[in-house]
Amino acid sequence: MTVLLVSVGGAGGAVLRYLIDRRVQRSHDSAFPWGTLTVNVLGSALLGLLAGWALTGAEPGALHTLLGTGLCGALTTFSTFGYETVRLLTERARLYAVANVAVTVLAGFGAAATGLLIASALPG
């Protein structure tokens with residue numbers, strides 16, 4: 001059952017990542033990887049929310065497997081984040097590379113913390 005939940009969540013997350021990345025990147029005429037930043041921040045927020053929910057003891061394990069492991073695992077893409085940062089460096093877009101690292105890390109932690117806070121505020 002666990003493999004099925006991770007597979008279904010992963011399939012959904014991969015499709016969402018592709019659609020969100022293409023949509024966001026198409027709306028920005030920039031070398032900065034806005035699409036990857038968006039999916040990583042969204043995934044961090046959702047995982048923070050799930051983690052906060054789990055800390056209250058209200059989250060079922062199957063939901064965490066489906067959404068946390070499957071969906072968030074496929075939605076977020078830190079390997080692409082690393083690749084795009086190196087690509088920006090090799091294309092001499094150093095300011096974009098540094099901004100990509102700083103914004104992704106700070107926004108990711110901020111989104112996860114916000115998700116935790118929201119989950120802790122929910123009645124459970």
Side-chain angles (χ1 to χ4, degrees):
M1 185 66 171
T2 301
V3 171
L4 180 64
L5 290 171
V6 171
S7 298
V8 169
V15 170
L16 275 177
R17 178 176 68 178
Y18 177 78
L19 294 175
I20 291 169
D21 178 66
R22 294 295 88 204
R23 173 86 174 142
V24 170
Q25 202 60 44
R26 196 175 326 131
S27 66
H28 292 85
D29 187 25
S30 168
F32 190 83
W34 291 104
T36 302
L37 172 66
T38 302
V39 295
N40 284 338
V41 171
L42 284 173
S44 296
L46 179 58
L47 198 53
L49 186 66
L50 290 169
W53 195 16
L55 289 174
T56 65
E59 179 201 37
L63 190 61
H64 188 86
T65 302
L66 176 72
L67 297 178
T69 305
L71 188 100
C72 288
L75 177 64
T76 58
T77 175
F78 286 91
S79 58
T80 302
F81 158 69
Y83 166 76
E84 289 173 339
T85 302
V86 170
R87 180 184 52 80
L88 290 169
L89 284 172
T90 59
E91 292 175 356
R92 299 186 179 273
R94 292 185 183 106
L95 184 59
Y96 278 161
V98 170
N100 189 36
V101 171
V103 171
T104 298
V105 170
L106 292 175
F109 277 118
T114 302
L116 277 169
L117 289 173
I118 290 171
S120 66
L122 293 174

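Just so it is clear, the structure is predicted and the values come from calculations on it, not from any experiment. These values consider heavy atoms only, across backbone and side chains, with no hydrogens, waters or symmetry-generated copies.
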*Can any side-chain N or O of D21 pair as donor or acceptor with the backbone N or O of T36 at less than 3.5 Å?*
yes
*Do you know the tightest heavy-atom contact between V41 and G108?*
CG2-N, 4.3 Å
*For R17 and T77, work out which heavy atoms get closest and say how close.*
NH1-CB, 2.8 Å
*Over all heavy atoms of both residues, which pair between F32 and Q25 is shortest? Give the atoms and the distance, please.*
O-NE2, 3.1 Å
*About how many Å separate CG of N100 and CH2 of W34, when rounded to the nearest 0.5 Å?*
9.5 Å
*Only one of L47, L55, L49, L50 clears side-chain contact (heavy atoms from CB on, under 4.5 Å) with L116; which?*
L55
*Starting at NE2 of H28, measure out to OG1 of T38 and round the result to the nearest 0.5 Å.*
7.0 Å
*Does one hydrophobic cluster hold both Y96 and V24, with members joined at side-chain heavy-atom distances below 4.5 Å?*
yes
*Mind checking whether L63 and L42 sit in one hydrophobic cluster, side chains of I, L, V, M, F, W, Y counted as touching below 4.5 Å?*
yes
_Would the distance check show the side chain of E84 and the main-chain N or O of A97 forming a donor-acceptor pair, the cut-off being under 3.5 Å?_
no
*Of the non-hydrogen atoms in C72 and G43, which two are nearest, and what is the gap between them?*
SG-O, 3.7 Å
*Between the side chain of T90 and the main-chain N/O of R87, is any donor-acceptor distance below 3.5 Å?*
yes
*Does the side chain of T104 reach to within under 4.5 Å of the side chain of P33, using non-hydrogen atoms?*
no
*Mind checking the OH-CG spacing from Y83 to L88? Nearest 0.5 Å is all I need.*
10.0 Å
*Could you state whether L67 and V6 fall into the same hydrophobic cluster, counting links through intermediate Ile, Leu, Val, Met, Phe, Trp or Tyr residues with side-chain heavy atoms under 4.5 angstrom apart?*
no
*Would the number of heavy atoms belonging to other residues, nucleotides or ligands and lying under 6.0 Å from CZ of F78 be above 12?*
yes
_Using 0.5 Å steps for rounding, measure from the CG atom of L71 to the CG atom of L5._
12.0 Å
*Looking at side-chain heavy atoms only, is the closest gap between R94 and L89 below 4.5 Å?*
yes
*asked:* Ignoring hydrogens, what is the shortest heavy-atom contact between A14 and A74? Give both atom names and the distance.
replied: N-CB, 3.5 Å
*Decide whether I20 and F81 are clustered together by the hydrophobic rule: side chain heavy atoms of Ile, Leu, Val, Met, Phe, Trp, Tyr closer than 4.5 Å, transitively.*
no
_Is there a continuous path of hydrophobic side-chain contacts, each under 4.5 Å between heavy atoms, that joins M1 to L66?_
yes
